[in-house]
Engineer: 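My questions all concern the structure below.
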Protein chains: 2
Amino acid sequence: MSRRNACSAEEAASREVCTVLDVLNRVSGKWSLGILSETTRGPVRFAELERSLNGISRRILTLTLRQLEENGLLTRTVYPTVPPKVEYTATDQARELYAQLTGLTAWAARHSAPAPHADAP
Amino acid sequence: MSRRNACSAEEAASREVCTVLDVLNRVSGKWSLGILSETTRGPVRFAELERSLNGISRRILTLTLRQLEENGLLTRTVYPTVPPKVEYTATDQARELYAQLTGLTAWAARHSAPAPHADAP
DNA sequence: CAGGATCCGCCACGATACTG
DNA sequence: CAGTATCGTGGCGGATCCTG
């Protein structure tokens, strides 16, 4: 995740580009969006995520969760029990961001769509 | 660009995630947004882009332009003159997409912003 | 001017094994 | 259960040289 930015002292005109890039970099992980999708529905445990996101490795899951947490998109709740229990939940910011991003499906539908006029596939 | 997707036969629930991921992958290049920013203002030549996007290499510029063109976000116009002249312009889809993406600055402002009311941390 | 070709470094991601 | 540790890999991005 966290693709390089090259946003050092840009020409002000592209200040907006830089901001958007920063935002996207926070969810640029291969699984970040999937994790947000799951956690916006309510608290989810580590193992649950591991199953929902079919194919993700423990390491990447951990790293991505940490990154999302650092960016204030996830809250991590640890229950000091045995066996341990940890729950992840999307923050309000994350919900807003996720909503904004899913708004892109509208764009995708308007374009790469298979003729949106009369006949449905 | 074009980060892997892992969107093969997902559980329908995350169909939306997949779509958004596809969209983001089309502008996931380090310079893609910058290029869109420039080309949405009007036709731009190769060398102009090379200067605007300070630090980009010719190779990456070419590759990114090609990718954006393949995704229908840019139109490439070649003027068969000597010396050659090529102009790139953002398509209408690209303008829509770019507008959607810059909408993320609003989110960024709402959050990671330094308290827009009275006391700043 | 607008690229194509080639070589290379770095980083995200993956697979596996081990632990509190 | 929820991680950490270690090793290996692909591919994006960069630098440089060459060309129609």
Side-chain angles (χ1 to χ4, degrees), chain A residues 1-8 17 21-22 24-35 38-39 43-71 74-89, chain B residues 1-8 17 21-22 24-35 38-39 43-71 74-89:
Chain A
M1 12 275 189
S2 77
R3 208 146 218 68
R4 273 276 152 297
N5 255 9
C7 282
S8 54
V17 170
L21 233 61
D22 271 338
L24 293 184
N25 282 332
R26 288 176 190 154
V27 291
S28 66
K30 181 174 171 181
W31 308 92
S32 303
L33 279 172
I35 293 177
E38 300 296 322
T39 53
V44 193
R45 300 186 58 176
F46 189 90
E48 292 184 75
L49 284 171
E50 198 177 354
R51 272 188 302 276
S52 309
L53 313 167
N54 226 326
I56 194 173
S57 70
R58 277 182 173 75
R59 197 180 83 95
I60 293 304
L61 179 52
T62 304
L63 289 180
T64 310
L65 288 171
R66 291 280 189 274
Q67 185 213 336
L68 292 173
E69 192 192 356
E70 281 173 22
N71 288 115
L74 284 187
T75 54
R76 190 177 113 107
T77 315
V78 184
Y79 299 91
T81 62
V82 277
K85 176 179 172 182
V86 180
E87 280 183 346
Y88 293 91
T89 317
Chain B
M1 11 277 185
S2 78
R3 209 146 218 70
R4 277 272 155 300
N5 254 10
C7 281
S8 54
V17 170
L21 233 59
D22 272 339
L24 293 184
N25 282 334
R26 287 176 189 152
V27 291
S28 66
K30 181 174 170 181
W31 307 92
S32 302
L33 279 173
I35 292 179
E38 300 296 322
T39 53
V44 194
R45 301 186 58 175
F46 189 89
E48 291 183 76
L49 284 170
E50 198 178 355
R51 271 189 301 276
S52 309
L53 312 167
N54 226 327
I56 193 173
S57 69
R58 277 182 172 76
R59 198 181 81 96
I60 292 303
L61 179 52
T62 304
L63 289 179
T64 309
L65 288 171
R66 291 280 188 274
Q67 184 213 338
L68 292 173
E69 191 191 356
E70 281 174 21
N71 288 115
L74 284 187
T75 54
R76 191 178 111 107
T77 315
V78 184
Y79 299 91
T81 61
V82 276
K85 175 179 172 181
V86 180
E87 279 183 347
Y88 294 90
T89 317

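Labels below follow one simple rule: chain letters A, B, ... track the order of the sequence lines, proteins then strands, and each chain is numbered from 1. Computed from a predicted model, the values in this text were never measured in an experiment.
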Engineer: For B:Leu49 and C:dA2, what is the distance between atoms CG and C1' respectively, to the nearest whole Å?
Structural biologist: 12 Å
Engineer: Tell me, do B:Leu61 and B:Trp31 make a side-chain contact under 4.5 Å, heavy atoms counted?
Structural biologist: no
Engineer: Among residues 78-85 of chain B, which ones have heavy-atom contacts with DNA chain C below 4.0 Å?
Structural biologist: B:Pro83, B:Pro84
Engineer: Distance check needed: C:dC13 C1' versus A:Gln67 CD, whole Å only.
Structural biologist: 13 Å
Engineer: When the distance from CG of B:Leu24 to C1' of C:dA12 is rounded to whole Å, what number comes out?
Structural biologist: 17 Å
Engineer: Is there a side-chain contact between B:Thr75 and B:Thr39, using heavy atoms and a 4.5 Å cut-off?
Structural biologist: no
Engineer: Can you check the A:Leu63 CG to C:dC13 C1' distance for me, whole Å?
Structural biologist: 9 Å
Engineer: Hey, does B:Arg76 have a side-chain heavy atom less than 4.5 Å from the side chain of B:Leu65?
Structural biologist: no
Engineer: Distance check needed: D:dG13 P versus B:Asn54 CG, whole Å only.
Structural biologist: 17 Å
Engineer: Take atom CZ of B:Arg58 and atom C1' of C:dC1, then tell me their distance rounded to the nearest Å.
Structural biologist: 9 Å
Engineer: In whole angstroms, how far is the P atom of C:dG3 from the CD1 atom of B:Ile60?
Structural biologist: 14 Å
Engineer: Could you tell me which non-hydrogen atom of A:Val27 sits nearest to which non-hydrogen atom of A:Ser32, and how far apart they are?
Structural biologist: O-CB, 3.6 Å
Engineer: OP1 or OP2 of C:dA2 sitting under 4.0 Å from any side-chain N/O of B:Arg51?
Structural biologist: no
Engineer: What is the separation between atom CD on B:Glu69 and atom P on C:dA2, rounded to the nearest whole Å?
Structural biologist: 15 Å
Engineer: Would you give the length of the straight line joining atom CZ of A:Arg26 to atom CG of A:Leu68, rounded to the nearest 0.5 angstrom?
Structural biologist: 11.0 Å
Engineer: Looking only at the side chain of B:Phe46 (C-beta and beyond, no hydrogens), which of the listed nucleotides C:dG3, D:dC1, D:dG3 gets closest?
Structural biologist: C:dG3
Engineer: More 5' along DNA chain D: A:Arg59 or A:Tyr88, using each one's nearest nucleotide?
Structural biologist: A:Tyr88
Engineer: Provide the closest heavy-atom pair for B:Gln67 versus B:Asn25 in the form atom of the first, atom of the second, distance.
Structural biologist: NE2-O, 3.5 Å
Engineer: Counting only side-chain N and O atoms of B:Arg66, is one of them less than 4.0 Å from OP1 or OP2 of C:dG3?
Structural biologist: yes
Engineer: Using a 4.0 Å heavy-atom cut-off across all strands, classify A:Thr62 as base, sugar-phosphate, or nothing.
Structural biologist: base
Engineer: If I compare all heavy atoms of A:Pro84 with all of A:Arg45, which pair ends up nearest, and what's the gap?
Structural biologist: O-NH2, 3.5 Å
